[in-house]
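By convention in this document, chain letters (A, B, ...) are assigned in the order of the sequence lines, proteins followed by strands, and residues within each chain are numbered from 1.
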Amino acid sequence: MTDVRVRFAPSPTGYLHIGGVRTALFNWLFARHHGGTFVLRIEDTDRDRSTDEAIDAILEGLRWTGLDWDEGPFRQTDRLDLYREKSQQLFDQGKAYWCVCTPEELELRRKEAQAKGESIKYDGRCRDLGITKPAQPAALRFKSPQEGQTVVDDLIKGKIVFENTVLDDLIILRSNNYPTYNFSVVIDDALMGITHVIRGDDHVNNTPRQVPMFEALGYQVPHFAHLPMILGSDKARLSKRHGATSVLAYQEMGYLPEALVNYLVRLGWSHGDQEIFTIQEMIEKFSLKNVQSSAAVFNPEKLQWLNAEYLKQGDPRVMAELLVPFLEKHGYDPKGAVQPQGGLEAVIPHVRERATTFLEMADWVLPFISEPVTMDEEAAMKFLTPAIAPTLKKFAERLSGLAGLSKEEVDPIIQAVLEEDGLKMGKFAQPLRVALTGRTFSPGIHEVMQLLGKERVLLRIAQAVSRMGF
RNA sequence: GUCCCCAUCGUCUAGUCUGGCCUAGGACGCCGCCCUUUCAAGGCGGCAACGCGGGUUCAAAUCCCGCUGGGGACGCCA
């Protein structure tokens with residue numbers, strides 16, 4: 001164990017999105033790489049927008065991705081006394097002051113300033129009023145330094161210099177006695193002993209506002225590392241209009257968490273030319289030094305490719321298990337009578353290189369888990385013609401005398417039938433495929449027959465032949 | 001408007017710190033060929049980038065400046 005302590009601090013105002021998972025992942029990898037501690041903290045100081053459902057969704061999303069936390073989840077609303085005490089301390093020390101401007105007034109002034117093209121920062125009109133016990137609703141503001149510079153030595157972006165004149169006197173305690181983000185985050189990061197604050201790029205501008213607070217309270221300032229944003233295909237910040245952004249939506253679409261994590265780790269981080277990493281490799285190789293400083297566009301196609309790779313490598317038994325929920329949506333009963341020969345597990349090797357997600361895989365498995373088979377009418381029209389019926393029928397008759405359905409046993413029969421009827425394999429294979437699977441595409445004919453078993457093969461051929469009028 | 005960040009194929013990126021090994025590498029996608037009873041997978045090949053302009057230097061993707069472009073932040077949201 002080292003003394004590295006990092007945290008993931010989402011606000012529970014919605015589901016856990018892709019960007020959040022990436023931030024959590026990089027924190028988690030940093031912690032695991034250094035043998036440190038990963039803290040989960042829920043920043044729910046916005047009373048109006050925070051919900052318990054969102055907290056549940058975030059925890060569920062995190063669990064699905066496998067990013068386990070060592071401490072927490074802590075809720076900021078359980079720590080309100082702490083923030084009030086610390087804000088009082090700042091007031092007592094003359095480092096904070098009461099502001100009686102109303103939100104409406106502030107909003108109006110901002111708009112006016114914007115219209116005139118002037119600075120929209122707070123004008124500090126309550127700063128020297130010396131209010132000690134406000135008679136009306138009031139917010140507590142932190143006296144930000146107005147001289148000199150605040151320098152942030154970002155672990156990813158390098159040195160960033162801010163003129164303190166751009167700093168606002170931030171509200172640290174709202175008139176409803178709740179702390180604001182920029183204050184509670186400082187208190188918690190300090191008190192929880194966070195050594196490295198690894199967060200999204202969108203917080204860069206918050207950093208020079210938070211640093212003076214650490215200093216005013218006599219806390220050690222943590223190291224900062226700002227991760228590049230994830231953008232949508234139009235290069236705007238990734239949002240709902242770019243499609244699925246909730247992690248759990250990816251679970252529903254049939255992605256493996258390992259694939260998503262692998263995709264996300266390569267978004268802004270790299271290790272030479274390597275594309276596929278086990279979790280262990282990620283932990284070993286991860287370093288903030290190799291984190292990109294520019295934003296990255298989310299590319300669903302590459303995620304899909306990675307998912308396909310993981311599908312191809314996975315243990316068939318595990319894959320089969322994960323596939324079940326997707327099949328159940330099609331009416332599959334894991335304990336029902338209609339099963340592939342050898343069980344679901346036996347189908348996996350034949351369908352997984354044809355699918356990129358479990359959703360697609362389920363579709364490939366459909367012909368083996370439903371009875372009767374669902375016939376694609378267009379395919380039937382084209383291939384199940386009366387001309388081929390006698391050949392199919394003859395084939396079925398010969399097949400019924402066979403002990404097994406191995407390629408060695410079946411092939412001679414096919415060859416014989418083709419020769420007798422003067423047909424080429426190309427003319428026979430597709431009709432047989434359609435008869436057996438109801439589709440024009442499937443795993444190899446031999447595999448299909450073996451997975452179906454002789455009884456169902458004969459049944460399906462018979463059904464196909466009879467629909468041709470024989 | 002003000003402040004901050006960023007800039008290599010369509011996309012993710014290697015190379016940039018420590019200039020020469022870069023005729024700029026890999027991956028996704030796309031295109032072609034091979035394999036093939038279908039669909040895939042697989043194999044082989046191809047297209048495709050250092051934003052622009054100035055410096056510095058024997059030498060610049062790499063260092064410096066400017067421009068342009070993109071992103072982010074400016075809330076009693078986080």
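Between the side chain of Asp273(A) and the base of G25(B), at least one donor-acceptor pair of N or O atoms lies under 3.5 Å. A donor and an acceptor atom sit less than 3.5 Å apart, one in the side chain of Glu275(A) and one in the base of G26(B).
Taking atom C1' on both nucleotides, U18(B) is separated from G70(B) by 30 Å, rounded to a whole Å. Taking atom C1' on both nucleotides, G69(B) is separated from A27(B) by 26 Å, rounded to a whole Å. Going from the C1' atom of C17(B) to that of U68(B) covers 26 Å, rounded to whole Å. Here the separation of A59(B) from G19(B), taken at their C1' atoms, is 8 Å to the nearest Å. For the P atoms, the distance linking C74(B) with C28(B) amounts to 39 Å, nearest Å. If you take atom P in C50(B) and the same atom in G25(B), they sit 13 Å apart, rounded to whole Å. Of the C1' atoms belonging to A60(B) and A78(B), the separation is 43 Å, rounded to the nearest Å. Atom P of A73(B) sits at a distance of 24 Å from the matching atom of C67(B), rounded to the whole Å.
Around the NZ atom of Lys285(A), the shell of radius 6.0 Å holds more than 12 heavy atoms that belong to other residues, nucleotides or ligands. Met425(A) CE: more than 12 foreign heavy atoms inside a 6.0 Å radius. Remark: His350(A) NE2 is packed, more than 12 non-hydrogen atoms of other residues, nucleotides or ligands lying under 6.0 Å away. Heavy atoms of other residues, nucleotides or ligands lying less than 6.0 angstrom from NZ of Lys393(A) number 12 at most.
Here C76(B) is the nucleotide among C76(B), C5(B), C39(B) with the atom lying nearest to any side-chain atom of Leu106(A). Each of C77(B), U37(B), C12(B) was ranked by its minimum atom distance to the side chain of Leu267(A); first place goes to C12(B). Of the candidates A73(B), C5(B), C76(B), C5(B) carries the atom nearest the Ile160(A) side chain, counting heavy atoms from C-beta on. With U13(B), C28(B), U37(B) as the choices, the nucleotide that has an atom nearest any side-chain atom of Ser270(A) turns out to be U13(B). In the set U11(B), U13(B), A78(B), the nucleotide with an atom closest to the side chain of Thr180(A) is A78(B). The nucleotide whose nearest atom lies closest to any side-chain atom of Gln292(A) is, among C76(B), A14(B), C77(B), A14(B). For Asn182(A), the side-chain atoms get nearest to A78(B) when compared with the rest of A78(B), C12(B), C76(B). Ranking C6(B), C28(B), C4(B) by closeness to the Ser293(A) side chain, first place goes to C6(B). Comparing U11(B), C28(B), A78(B) by their nearest atom to the side chain of Val297(A) picks out U11(B). Side-chain proximity of Phe441(A) to A78(B), C12(B), C39(B): nearest is C39(B).
For the OP1/OP2 pair of A78(B) and a distance below 4.0 Å, the side-chain nitrogens and oxygens of Thr13(A) include no atom meeting the criterion. Residue Lys235(A) places no side-chain N or O under 4.0 Å from the OP1 or OP2 atom of G69(B). Distances shown here put a side-chain N or O of Lys312(A) below 4.0 Å from the OP1 or OP2 atom of G42(B). For Arg266(A) and G26(B), the shortest distance from a side-chain N or O to OP1 or OP2 is not below 4.0 Å.
If you find the closest nucleotide of RNA chain B to Asn205(A) and to Ala429(A), the one lying nearer the 5' end belongs to Ala429(A). Comparing Phe162(A) and Arg209(A) along RNA chain B, the residue whose closest nucleotide (by nearest heavy atom) sits nearer the 5' end is Phe162(A).
Rounded to a whole Å, the CG atom of Leu306(A) is 15 Å from the P atom of C12(B). Protein atom CZ of Arg433(A) is 10 Å distant from nucleotide atom P of U37(B), rounded to whole Å. If you measure from atom CZ of Arg237(A) to atom P of C6(B), you get 17 Å, rounded to the nearest angstrom. What separates NZ of Lys289(A) from P of U13(B) is a distance of 17 Å, to the nearest Å. Between Gln149(A) atom CD and C4(B) atom P there is a gap of 10 Å when expressed in whole angstrom units. Between Met425(A) atom CE and U38(B) atom P the separation is 9 Å, expressed in whole Å. Rounding to whole angstrom units, OH of residue Tyr263(A) and P of U11(B) are separated by 12 Å. In this structure, NE2 of His203(A) is placed 9 Å from P of A73(B), rounded to the nearest angstrom.
Backbone-only contact: Thr45(A) has heavy atoms under 4.0 Å from sugar-phosphate atoms and none from a base. Using a 4.0 Å heavy-atom distance criterion, Ile171(A) is classed as a base contact. Backbone-only engagement by Gly268(A) is indicated by non-hydrogen atom pairs under 4.0 Å involving sugar-phosphate atoms exclusively. Residue Arg352(A) is out of contact with every strand shown, counting any heavy-atom pair closer than 4.0 Å. As judged by a 4.0 angstrom heavy-atom cut-off over every strand, Pro10(A) is placed among residues making no nucleic acid contact. At the heavy-atom level, Glu118(A) lies nowhere under 4.0 Å from the strands shown. No engagement by Cys99(A) is indicated, since no non-hydrogen atom pair under 4.0 Å with the nucleic acid exists. In this structure, Ile120(A) reaches the bases: a heavy-atom distance under 4.0 Å links it to at least one base atom across the strands shown. Among the heavy atoms of the strands lying under 4.0 Å from Ser175(A) is at least one base atom, whether or not backbone atoms are also near. Within 4.0 Å of Asn206(A), counting heavy atoms only, lies at least one base atom of the nucleic acid.
U38(B) is unpaired under the criterion used here, namely a Watson-Crick or G-U wobble arrangement in which both key atom distances are under 3.5 Å. G51(B) is paired with C67(B) under the criterion used here, namely a Watson-Crick or G-U wobble arrangement in which both key atom distances are under 3.5 Å. Shown here, U16(B) forms no base pair; nothing in the strands shown gives a Watson-Crick or G-U wobble contact with both key distances under 3.5 Å. C28(B) is paired with G10(B) under the criterion used here, namely a Watson-Crick or G-U wobble arrangement in which both key atom distances are under 3.5 Å. The base-pairing partner of U56(B), taking Watson-Crick or G-U wobble contacts with both distances under 3.5 Å, does not exist among the strands shown. Across every strand in view, C33(B) sits in a pair with G43(B) that passes the Watson-Crick or G-U test at under 3.5 angstrom.
Between Phe298(A) and Tyr263(A), the ring-plane angle classifies as perpendicular under the 30° and 60° cut-offs. Phe38(A) and Phe8(A) have parallel rings, their planes meeting at less than 30° on a 0 to 90° scale where 60° marks the start of perpendicular. Under the 30°/60° scheme for interplanar angles, the aromatic rings of Phe277(A) and Trp269(A) are found to be tilted.
Between Phe142(A) and the options Thr180(A), Leu90(A), Asp169(A), Ile171(A), a side chain to side chain contact (heavy atoms under 4.5 Å, CB included) holds for only Leu90(A).
A cation-pi contact, defined as under 6.0 Å to the ring centre and within 45° of the axis, links Arg22(A) to Phe26(A).
For the 3.5 Å distance criterion, the side chains of Thr150(A) and Asn164(A) qualify, holding a donor opposite an acceptor.
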